[in-house]
Amino acid sequence: KKSICESIKKNIINLYPNKDLKKFSLEKYHKFINESEHISLDKRLKRQYPKDFGFADDKIIKIIEREIKHPLGYQKSEENIKHWIIIRINMPHSGGFNPAHKDIYEDFDDKGYAPRMINCWIPICGVNKFTGLPIVPGSHNFLENEILRTKCNSVLEGRQYSVNCIKSWKGKNNLELFHPKDGEMLIFSSHLIHGLGINNNSDETRISLEFRLHSQSSNN
């Protein structure tokens with residue numbers, strides 16, 4: 001958490017060098033940054049890499065590898081790129097980030113394959129009974145003909161999204177809110193339906209780390 005705080009402060013200073021951050025905290029991010037400033041910051045914070053943090057992310061990866069018994073890493077086996085880490089910031093009483101979707105659609109629609117990867121979601125602050133990560137348990141096993149979805153750049157409730165949104169599944173569109181405690185994280189299949197988050201906290205910013213880990217097996 002301390003490392004994430006320093007990383008966010010560094011990005012704020014780079015964009016807004018006159019900001020007074022003496023009493024800055026992650027929970028009160030919204031007291032220091034307005035909505036228009038956040039838009040510029042958000043673009044930077046969605047593309048972070050291990051070198052941008054001061055903690056041993058390899059230890060986290062090893063823990064996950066032990067859980068699922070498979071070698072993992074940021075490297076996409078199908079392409080010569082490494083996946084990034086997202087610092088997701090959601091200010092109080094705001095939504096506006098990714099409605100219900102599956103992460104595998106991005107590659108499947110664009111390149112015709114579903115990458116072998118998993119999603120990792122680590123709460124940093126502001127995650128409680130009012131806000132967390134909405135998911136559809138078991139949806140990684142749904143058949144595609146049971147899912148009604150859109151392509152990227154779709155408009156939902158007047159807002160345009162870059163992800164391939166899912167409108168309904170098996171005639172439903174209700175998600176279940178999961179809110180891990182400090183020291184916990186969510187690991188789930190990239191075929192799982194998730195998203196559509198809203199921060200219902202009245203005066204606390206919600207911040208999480210999101211990243212994808214790819215199979216590093218030679219038998220891909």
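Because only heavy atoms are used, hydrogens play no part in the values below, and waters and symmetry mates are left out as well, while side chains stay in.
Atoms CG and OH, on Asp57 and Tyr74 in that order, are 3.5 Å from each other to the nearest 0.5 Å. The structure places CD1 of Ile4 at 9.5 Å from CG of Leu45, a figure rounded to the nearest 0.5 Å. Note that CD1 of Ile13 is 11.0 Å distant from CG of Asn18, once rounded to the nearest 0.5 Å. Rounding to the nearest 0.5 Å gives a distance of 6.0 Å between CZ of Phe142 and CD1 of Ile193. Taking OG from Ser168 and CZ from Arg149, the interatomic distance works out to 12.5 Å, rounded to the nearest 0.5 Å. Within the model, atoms NE2 of His38 and CD1 of Ile12 stand 10.5 Å from one another, a figure rounded to the nearest 0.5 Å.
Leu72 and Ile60 fall within a single hydrophobic cluster, where Ile, Leu, Val, Met, Phe, Trp and Tyr are joined by side-chain heavy atoms under 4.5 Å apart, directly or via other members. Tracing side-chain contacts under 4.5 Å through hydrophobic residues (I, L, V, M, F, W, Y), one reaches Ile61 starting from Ile187; they form part of the same cluster. Tracing side-chain contacts under 4.5 Å through hydrophobic residues (I, L, V, M, F, W, Y), one reaches Leu213 starting from Phe55; they form part of the same cluster. Grouping the Ile, Leu, Val, Met, Phe, Trp and Tyr side chains by contacts below 4.5 angstrom, directly or via other members, places Tyr16 with Leu21. Linking Ile, Leu, Val, Met, Phe, Trp and Tyr residues whenever their side-chain heavy atoms come within less than 4.5 Å places Phe188 and Phe178 in a single cluster.
Pro180 has its side chain out of reach of Met185: every pair of non-hydrogen atoms, C-beta onward, lies at least 4.5 Å apart. At least one side-chain heavy atom of Trp169 sits under 4.5 Å from a side-chain heavy atom of Leu175. In this structure, Lys172 and Val136 have side chains that are not in contact, with every pair of non-hydrogen atoms separated by 4.5 Å or more. Side-chain contact check for Ser202 versus Pro92: every heavy-atom pair is 4.5 Å or farther apart. Between Met91 and Arg206, the closest side-chain pair of non-hydrogen atoms is not below 4.5 Å. Here the side chains of Ile64 and Ile118 are in contact, with some heavy-atom distance below 4.5 Å. Within the 4.5 Å cutoff, the side chain of Leu15 has no heavy atoms near those of the Lys43 side chain. Side-chain contact check for Leu26 versus Thr205: every heavy-atom pair is 4.5 Å or farther apart.
At distances below 3.5 Å, not a single donor-acceptor pair connects side-chain atoms of Gln48 with backbone N or O atoms of Trp84. Under a 3.5 Å cut-off, the side chain of Tyr29 and the backbone N or O of Ile89 do not form any donor-acceptor pair. His179 places no side-chain N or O within donor-acceptor distance of the main-chain N or O of Leu133, the cut-off being under 3.5 Å. When atom types are taken as modelled, the side chain of Glu204 and the backbone of Glu27 share no donor-acceptor pair closer than 3.5 angstrom. For the pair Asp52 (side chain) and Tyr49 (backbone), a donor-acceptor distance under 3.5 Å is present. With hydrogens and angles disregarded, a donor-acceptor distance shorter than 3.5 Å links the side chain of Lys28 to the backbone of Asp203. Between the side chain of Lys19 and the backbone N or O of Phe32 there is at least one donor-acceptor pair closer than 3.5 Å. Side chain of Asn200 to backbone of Phe130: a donor-acceptor contact under 3.5 angstrom is found.
Heavy-atom minimum distance, Pro71 versus Ser217: CG-N, 4.0 Å. Of all the heavy atoms in Gly54 and Ser3, the pair that sits closest is N-OG, 2.7 Å. Counting all heavy atoms, side chain and backbone alike, Ile33 lies closest to Glu37 at CA-OE1, 3.5 Å. Annotation for Ser139 and Leu192: closest pair OG-CD1, 3.3 Å, computed over non-hydrogen atoms. In plain terms, the two heavy atoms of Glu184 and Ile122 that are nearest each other are O-CG2, 4.5 Å.
Crowding of Lys10 atom NZ: a count of heavy atoms from other residues, nucleotides or ligands under 6.0 Å not exceeding 12. More than 12 non-hydrogen atoms from other residues, nucleotides or ligands lie less than 6.0 angstrom from CD of Glu144. For Asn80, the CG atom counts as loosely surrounded, since its 6.0 Å shell holds 12 or fewer non-hydrogen atoms of other residues, nucleotides or ligands. The number of heavy atoms from other shown groups lying within 6.0 Å of NZ (Lys167) does not exceed 12. Shown here is Phe53, whose CZ atom has more than 12 heavy atoms of other residues, nucleotides or ligands within 6.0 Å. The neighbour count for Asn34 CG, taken as heavy atoms of other residues, nucleotides or ligands under 6.0 Å away, is above 12.
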*asked:* One pair to check against side-chain contact (heavy atoms from CB on, under 4.5 Å): His194 and Leu186. What are the steps and the verdict?
replied: CA-CA 12 Å; His194 64 287; Leu186 291 178; over 6 Å; no

_Verdict with reasoning, Ile135 to Trp121, per side-chain contact (heavy atoms from CB on, under 4.5 Å)_ = CA-CA 12 Å; Ile135 69 173; Trp121 193 84; over 6 Å; no

*Would you please test Asn119 and Ser190 for side chain to side chain donor-acceptor pair (under 3.5 Å) and show each step?*
CA-CA 6 Å; Asn119 287 37; Ser190 297; 2.4 Å; yes

*Begin from the C-alpha positions of Ile166 and Leu148 and carry the test side-chain contact (heavy atoms from CB on, under 4.5 Å) through to its verdict.*
CA-CA 6 Å; Ile166 297 176; Leu148 179 62; over 6 Å; no

*Check step by step if side chain to side chain donor-acceptor pair (under 3.5 Å) holds for His70 and Ser215.*
CA-CA 7 Å; His70 194 86; Ser215 169; 2.7 Å; yes

*Would you sort out whether His214 and Arg116 count as a side-chain contact (heavy atoms from CB on, under 4.5 Å), showing the intermediate values?*
CA-CA 6 Å; His214 294 260; Arg116 296 190 67 200; over 6 Å; no

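Ionic pairing of Lys76 and Asp107 is present here: one or more N-O contacts between side-chain nitrogen and carboxylate oxygen are shorter than 4.0 angstrom.
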